[in-house]
Amino acid sequence: MQHIDQIYIDGVFVTPHGTEWFDLYNPSTEQVIGRVRLADEHDARDAIAAATRAFPAFSRTSKAERIALLHRMADAVEARQPALLDAIVEEYGAPVSRAGWMAAHASSVLREAAKVLHDYAFVRQMGTAQVVMQPLGVAGLITPWNSDAGFICGKLAAAIAAGCTAVIKPSEMSAIQTRIVTQALHEAGLPAGVFNIVTGRGETVGAEISTHPGVAKISFTGSTAVGKTILRAGAGTLKRVTLELGGKSPMLILDDADFATAVPLAIQAGFMNSGQACIAGTRILVPEARLDEFERRVKIEVGRTKAGDPRDPEIAIGPMVSQKQWDRVQRYIRIGIDEGARLIAGGEGRPEGIEAGWFVRPTVFSGVHNDMTVAREEIFGPVLSIITYRDTEEAIAIANDTAYGLQAYVVSADAQRAHAVAARLDAGRVLVNTLAHEPAAPFGGFKQSGIGREYGTFGLEAFLEPKAILGVS
Ligand code: NAD
């Protein structure tokens, strides 16, 4: 039983002013595995004050100093990788294969940021002006539960690289993972106040960070609904915002695709992170003429995709993170059935033989129209929709007919053709015949999938403001 009763402000672990205790669960067993004492608005203000005090000196540190810090942070997080992996599996329920990637990602984002910083020119000549990229100030970093360590380290890496100081508000549901990351980052020995971590509720700590005049920038990853609340809250003080929100990503299977590779790729993209991924390819667009063949292969592939104990290396799909998330996924499966979609795999309830834990059956609907609820709303669980199209024009139209625009996938035997389709998709990233991540490239959404970009140079510039100085020869 973990007992977490400290937050991190001004370089030290302190007892929060907040007095609410929150239960932490193992989603595979539904057992309470810990309790966390939550921070409140008072703690958020203390953290913002510490970050504000640290900013003037930190914003003037050299590139070399910050690169060295980022590497120290990466080393410290890397050293905690085994503990982090265990916590990800226990507290979040990610299958070990996924959890391993997540634990490694937390340190690699810090090293990537160091690389970007190394190559970045903070001062440029534009016409007669010298343009200086200046750090924005105190950054509020608000993160979700579906990749706690990766989001904390990724956002902090960009803020530090830019010369900003930070107040981080992770999800209250990920306190065990957050404690491991906080201890690691503390060991990296950053100046006091440069980063502060206050685990608390969104409506209290998150709301304080989004309205406080001392915060210049918010970088948020989470649901579109909360993203809109934060945008409104930050408008009062015109905060700069980066919002990484939800998705309903299309997986376009072009009519020349080899289904032997396309189907496993589509299933992997749809069920990644147990379906709790903003970039999951949840709308699978299949040529009408080849639907039977596609469905046949999907049934076989899903049959091989096991849900269950995330510690078992054979398992591809772990539990949903909470009872609430389990209920939500069940509700969407019911809606799909009620709206007339045809179940070709999975369905309501738990997978066979599993009595406890927030496990759902890997589910695929076919005969889905793009205007059905399951095709329009983000489910955030392993529930996929197959939608047919007649020709490539219609496929592109369906792919773009969504409120979201985070990621899209194109699968084709002809790379040139796939690229031509990719050029016409409204999505922040289009992956052609691959599921690989590219940390140097921008990541973020069109439309209601967000505002701004993370990673690479775009991610760094999200924490900088250009200043033009004229009249200096
Ligand atoms: P969420 O929006 O409920 O919560 C995210 C964070 O915001 C949490 O820390 C929460 O406490 C905080 N929060 C809640 N209300 C707030 C408020 N009023 N003011 C400030 N902060 C508040 O999201 P979640 O359920 O933790 O995560 C799932 C969602 O995240 C999904 O919609 C998913 O698509 C999205 N997501 C997006 C990306 C991306 O990069 N685009 C990545 C992962 C997850």
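Whatever order the structure lists ligands and atoms in, that order sets their numbers, starting from 1. Along the sequence shown, residues are numbered consecutively beginning with 1.
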Tyr8 and Gln6 side chains, donor-acceptor separation under 3.5 Å:
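There is no such pair (donor and acceptor under 3.5 Å, judged by atom type) between the side chains of Gln6 and Tyr8.
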Practice prompt. Tell me yes or no: between the side chains of His17 and Asp43, is some donor less than 3.5 Å from an acceptor?
Written response: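 Asp43 and His17 do not have a side-chain donor-acceptor pair below 3.5 Å.
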- Query: Which residues satisfy the side-chain contact (heavy atoms from CB on, under 4.5 Å) test with Ser147, sequence neighbours excluded?
  - Reply: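 By the side-chain contact (heavy atoms from CB on, under 4.5 Å) rule, Ser147 matches Met102, Phe151.
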Are there over 12 heavy-atom neighbours, none belonging to Lys115, within less than 6.0 Å of that residue's NZ?
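No, NZ of Lys115 has 12 or fewer neighbouring heavy atoms, counting only those of other groups under 6.0 Å.
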Solution key, residues 435-445 side-chain donor-acceptor pairs under 3.5 Å, sequence neighbours excluded:
{"from": "His437", "atom 1": "ND1", "to": "Arg429", "atom 2": "NH1", "distance (Å)": "3.0"}
{"from": "Glu438", "atom 1": "OE2", "to": "Ala440", "atom 2": "N", "distance (Å)": "2.8"}

With a 3.5 Å cut-off and sequence neighbours excluded, list the donor-acceptor pairs that the side chains of residues 78-85 form with protein atoms.
{"from": "Glu78", "atom 1": "OE1", "to": "Arg111", "atom 2": "NH2", "distance (Å)": "3.0"}
{"from": "Arg80", "atom 1": "NH1", "to": "Gln183", "atom 2": "OE1", "distance (Å)": "3.3"}
{"from": "Arg80", "atom 1": "NH2", "to": "Glu187", "atom 2": "OE1", "distance (Å)": "3.4"}
{"from": "Arg80", "atom 1": "NH2", "to": "Glu187", "atom 2": "OE2", "distance (Å)": "2.2"}

Check each protein residue for a heavy atom under 4.0 Å from ligand 1 and list those that pass, ordered by chain and number.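 Lining ligand 1: Ile142, Thr143, Pro144, Trp145, Asn146, Phe151, Lys169, Pro170, Ser171, Glu172, Gly202, Gly206, Ala207, Ser210, Phe220, Thr221, Gly222, Ser223, Val226, Thr229, Ile230, Glu244, Leu245, Gly246, Cys278, Glu378, Phe380, Leu406, Phe443.
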